[in-house]
Number of protein chains: 2
Amino acid sequence: MTYELDHDTAVHARGDGRYDAELAPGWVVGGGVNGGYLLAVLGNAVKDVLAARGHHDPFSVSAQYLSASVAGPAYVETRVARTGGRFSTVAATLFQEVDGTPVARLTALATYGDHDHVHDTTSDAQAAALGLSLPAPALPPRDQCVATADAPPEFKKVAPLLDRFDIRMDPATAMWAVGQPSRQGLIQGWFQLADGRPLDPVALLVVVDALPPVTFDLGLPGWAPTLELTAHVRAKPAPGWAIVRHRTTTVAGGLFEEDCDVWDSAGRLVAQSRQLALQPR
Amino acid sequence: MTYELDHDTAVHARGDGRYDAELAPGWVVGGGVNGGYLLAVLGNAVKDVLAARGHHDPFSVSAQYLSASVAGPAYVETRVARTGGRFSTVAATLFQEVDGTPVARLTALATYGDHDHVHDTTSDAQAAALGLSLPAPALPPRDQCVATADAPPEFKKVAPLLDRFDIRMDPATAMWAVGQPSRQGLIQGWFQLADGRPLDPVALLVVVDALPPVTFDLGLPGWAPTLELTAHVRAKPAPGWAIVRHRTTTVAGGLFEEDCDVWDSAGRLVAQSRQLALQPR
């Protein structure tokens, strides 16, 4: 069996560091293709570039979003910026052809390594002694949460993306769905991929941009185009339901930041991201 | 009068998008040159590239640090990734020659615009109505804070950087200086450039990496090399003393994140950054 994420983010090397991809229509949301999905397509190209070095896991991926993607053919150009013992860095840009002209959709810098081999027992013991690890929020049980699967059909029609995920939102941060946003700037919930594919470091690039924009909770519905998104993968996720939290603290000058934290089923922080996005009109 | 930041971060166009720079010894700290200073050098090159479009202010700059810089000649290569009405994006890499071979020190993606012309009265009014703006921490008056100017001479010798800044640390988050770290993962204080140069958007790229590593407050002294740093400039700073806060929540796998928030003298959030850095040994 092939999971849909693997099928839809597959890349095919065509030499010279270029990779072909096909952006699948299932990841469309509003006026474009989901930013986290695009990051995973690009992330798979980088993974292939660095496979021979054993650096197959993202640690840090920063992307600037340049134009809105559409479903259909795309390709990723990669260039190795540095190779090292522990980390390697690649510059990668995803393009789509429009009337025969390549148009850059997003450009990224990615530092990869191996999450199975970062383990430094000294620093782990130190870290444990420090006890410094962001705790996951306490969420109601999943059967008391608001499932995206129950979104109205007219909403799902413009957001096929919803069918890729099984999200169970904390009702306290989902009241915007019934016109009563909490205005705290917080959306959190349980997360898994709809077909049950286990999460891994590249999949976390999707998870950090999977929940609705945090601006929904501010009473600002509408699409919030990402200007820049940086994801840090902090550990390899354990299988099972993840917990995802989106927060913002500041909306100003037509922009807001959205911070995302992801914990695995063992309660360990596995990814963090921040994006700078345009305030919805 | 020329302020030292302007002198030391000046770049000279040599055509083809290349800029010469001279990394000044005053910005050395521990085993390298300060990452925020390097970002400002690179940021000045990007500013020149986009000057004709009126996009002279950074909004988002993400840098991956590839190798440790040294004082001396350097150059920045730039490539325009996208130009637009409101934002333009440039890829830029800072190199130094080592035995005649160019070595990349940091590579970055920078999205610039004009902070004087983002003002959209509709979204500003909405933002004000939302009341969502990260509040600055309450700090003791500056004369009750711990001044970096009072650091021991043996410390200043390895960190000439200290003389570039006038930092007055909140004593509650500076007890590590006397061997009693709070272990909260928090360092905050008042900030200005030592020669009183007013802050501007490019200077904020320095400010986000100016305080000591937050790991000092965890009882982990030592240099914490940055793997990746993304800075978002949220507004043009008002003149006067800024407030800067460094925090971390998670130390794991030999890495930690350091979040920095900067408020101007009017109490407005003007910059945010996050870096992923190596835990000091």
Side-chain angles (χ1 to χ4, degrees), chain A residues 59-64 66-67 81-82 84 86-87 89 91 93 104 107-111 115 118-120 122-124 126-127 130-135 183-185 218-220 227-228 230 232 234-235 248-257 259 261 268-269 272-274 276 278-279 281, chain B residues 59-64 66-67 81-82 84 86-87 89 91 93 104 107-111 115 118-120 122-124 126-128 130-135 183-185 218-220 227-228 230 232 234-235 248-257 259 261 268-269 272 274 276 278-279 281:
Chain A
F59 278 70
S60 167
V61 182
S62 295
Q64 311 267 346
L66 307 175
S67 60
R82 174 260 313 254
R86 186 164 170 194
F87 298 112
T89 300
T93 304
T107 186
L109 293 169
T111 293
H115 276 291
V118 292
H119 287 298
D120 164 347
T122 317
S123 64
D124 271 9
Q126 276 184 330
L130 295 169
L132 209 73
S133 183
L134 189 66
R183 301 194 192 277
Q184 292 178 80
L218 300 176
L220 302 171
L227 207 57
E228 189 271 343
T230 297
H232 293 157
R234 303 296 302 269
T248 188
T249 67
T250 303
V251 181
L255 295 162
F256 68 100
E257 96 282 5
D259 283 3
D261 298 300
R268 183 158 68 151
L269 182 76
Q272 292 181 293
S273 74
R274 175 174 287 163
L276 187 65
L278 295 173
Q279 182 182 333
R281 297 266 159 180
Chain B
F59 277 69
S60 167
V61 181
S62 295
Q64 311 267 346
L66 307 175
S67 61
R82 174 259 312 254
R86 185 164 172 195
F87 298 113
T89 300
T93 304
T107 186
L109 294 168
T111 293
H115 276 291
V118 291
H119 287 300
D120 163 346
T122 318
S123 63
D124 271 8
Q126 275 183 330
L130 296 168
L132 209 71
S133 184
L134 189 65
R183 300 194 193 277
Q184 293 178 81
L218 300 176
L220 302 172
L227 210 57
E228 190 271 341
T230 297
H232 293 155
R234 304 296 303 269
T248 188
T249 67
T250 303
V251 181
L255 295 162
F256 68 100
E257 95 282 6
D259 284 3
D261 299 301
R268 183 157 68 150
L269 182 76
Q272 292 181 292
R274 175 174 289 163
L276 187 65
L278 296 173
Q279 182 183 334
R281 296 268 160 180

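Here the structure is a predicted model, which is why all the values come from computation and not from measurement. Below, chains carry the letters A, B, ... as their sequence lines are ordered, and counting in each starts from 1.
For a residue to count as touching a neighbouring chain, one of its non-hydrogen atoms must lie under 4.5 Å from one of that chain's; by this rule A108(B) touches chain A with the backbone only. In this structure, chain B has a heavy atom under 4.5 Å from the backbone of A110(A), while its side chain stays farther away. Interface remark: Q184(A) contributes backbone atoms only to the contact with chain B (heavy atom separation under 4.5 Å). With a 4.5 angstrom heavy-atom cutoff, T248(A) touches chain B via backbone and side-chain atoms both. Proximity to chain B is absent for every atom of A235(A), based on heavy atoms less than 4.5 angstrom apart.
Proximity of a side-chain donor or acceptor of R234(B) to a complementary backbone N or O of L255(A) within less than 3.5 Å is detected. At distances below 3.5 Å, not a single donor-acceptor pair connects side-chain atoms of R183(A) with backbone N or O atoms of L132(B).
When all heavy atoms are compared, the tightest approach of S60(A) to L276(B) is CB-CD2, 4.3 Å. E228(A) and S62(B) make their closest contact through OE2-OG, 2.9 Å (heavy atoms, listed as atom of the first residue, atom of the second, distance).
Put simply, NE2 on H232(B) and CD on E257(A) are 9.0 Å apart, with the number rounded to the nearest 0.5 Å.
Residues meeting the side chain to side chain donor-acceptor pair (under 3.5 Å) test with T107(B), sequence neighbours left out: T93(B).
In terms of non-hydrogen atom pairs under 4.5 Å with chain A, the most contact-rich of T111(B), T89(B), D261(B) is T111(B). For the set L269(B), L227(B), D259(B), the count of heavy-atom pairs under 4.5 angstrom toward chain A peaks at L227(B).
Proximity of T230(B) to R274(A): side-chain heavy atoms (C-beta onward) are nowhere separated by under 4.5 Å. Side chains of Q64(B) and R82(A) form no contact here, defined as non-hydrogen atoms less than 4.5 Å apart.
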